[in-house]
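Single-structure report; data block below.
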Amino acid sequence: FMINFFSIRNIFLFGAFMSILAYLNIGTISSPAFVSQQNLERVGSVRINIPDKKLANKSLQVTTLDSKSYLEYSGENSYDVYTALQKTIAIWKKYGLTDQYLVYGKHQSGDTLFNWEIVPYYKSSTVIGRIWQQFVVLWKVTFGSRALSNSEQQKELNEYQFLFRNFIQTTQENIPDPNTIAIGNDAFCKKEVINKQRVLEGKLINVLYNYAPIGFGGERLHFLIIPKKHKVTFSALSKDEYLEAICITQKLMNHFSTTREIKSVYFFHKSGVDAGQTVPHWHMHMVLTSNETQDLFGKLFFFLSSLPTYYL
């Protein structure tokens, strides 16, 4: 069914109001004591964990074995992250969980540990269902979520161990063929868009400045990392494209961190309409914020940017 603009606006305004209350520490709910992460599988120099605080049911976390910050990630680390994420996606698809997902990471000034979290999204037949999934994840991105109990973590660990073990025994990792080239007609395949918004160019990757940057006030640093070849989802991305994308974001982050006061850096990419992908060409967002207000409103606009644009 169709939803008019005012319905969506009211949902967003309610979410924004509740978010601001929580930001001011009004009516916040305390979380249980910290529960240690449960290690699911090692993939080279990284491990896949059951996070103690998750953005969504069945989400998984990928981190380095030696607990590195984002700028410390080596090429080997990033390749192993790529392999771990591709393996998780293949397992979700094989067992019918989903083929739509968000990959999210955050670096905050002073952090010494960086994690990626891959979040499953489920097919919804209504716009309101999509909005709700987006809102729940946004809420947890902004304010955190309750810690899982040891028994909850162990139950999910057991379920995933069965899936991963069975997957290893019966099939190969779903690593895409980098020679497969699709021809697209999306914005990121159009020369006029690339020439207008491009700020950096690599061998395989372009960096664009977002024409509608997330943020509020001050300098809004919002970049899109996109492969030159048309790749619709992350699962179609080659290893070399991913490694170059991460290398470029590390250089951008290092540059802005040394020339400006940066509070937080957000990375996220979406695959699938229900996950909020609005352009059928894989792209990773990189958003840098410089203060608390910009940080908060950046998160709220992250939600708004995920809504289906043809309803706004």
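As a basis for the values below, the full set of heavy atoms in this structure was taken, side chains included, without hydrogen atoms, waters or symmetry mates.
Here the OH atom belonging to Tyr242 is positioned 5.5 Å from the CG atom belonging to Leu85, to the nearest 0.5 angstrom. Rounded to the nearest 0.5 angstrom, Leu113 CG and Thr63 OG1 are separated by 4.5 Å.
The ring pair (Phe, Tyr, Trp, His ring centres under 6.0 Å) check on Phe256 picks up Phe223, with sequence neighbours excluded. For Ile91, the side-chain contact (heavy atoms from CB on, under 4.5 Å) test picks out Lys87, Tyr95, Leu163, Phe164, Phe167, with sequence neighbours left out. For Ser151, the side-chain hydrogen bond (donor to acceptor under 3.5 Å, both in side chains) partners at least two apart in sequence or on another chain are Ser149. With sequence neighbours excluded, the residues satisfying side-chain hydrogen bond (donor to acceptor under 3.5 Å, both in side chains) with Glu159 are Lys58. For Ser59, the side-chain contact (heavy atoms from CB on, under 4.5 Å) partners two or more places apart in sequence, or in a different chain, are Pro51, Lys54, Glu117, Val119, Pro120. Partners of Asp274 according to the salt bridge (charged side-chain N to carboxylate O under 4.0 Å, His left out) rule, which considers only residues two or more places apart in sequence or in another chain, are Arg130. Scanning for salt bridge (charged side-chain N to carboxylate O under 4.0 Å, His left out) contacts around Arg198 gives Glu201, with sequence neighbours left out. Among residues two or more places apart in sequence or in another chain, the side-chain contact (heavy atoms from CB on, under 4.5 Å) test is passed with Asn57 by Glu156. Remark: Lys190 engages Asn185, Glu192, Val193 in a side-chain contact (heavy atoms from CB on, under 4.5 Å) (not counting sequence neighbours).
With side-chain heavy atoms closer than 4.5 Å counting as contact, directly or through intermediates, the hydrophobic cluster containing Leu208 also holds Phe188, Ile194, Leu224, Ile226, Val279. If you chain together ILVMFWY residues whose side-chain heavy atoms come under 4.5 Å of each other, Tyr211 ends up in a group of its own.
A salt bridge (Lys or Arg N to Asp or Glu O under 4.0 Å) check over residues 250-263, counting only residues at least two apart or in different chains, returns the pairs Glu219-Arg260, Lys263-Glu292.
A donor atom on one side chain and an acceptor atom on the other are found under 3.5 Å apart for Asn77 and Ser74.
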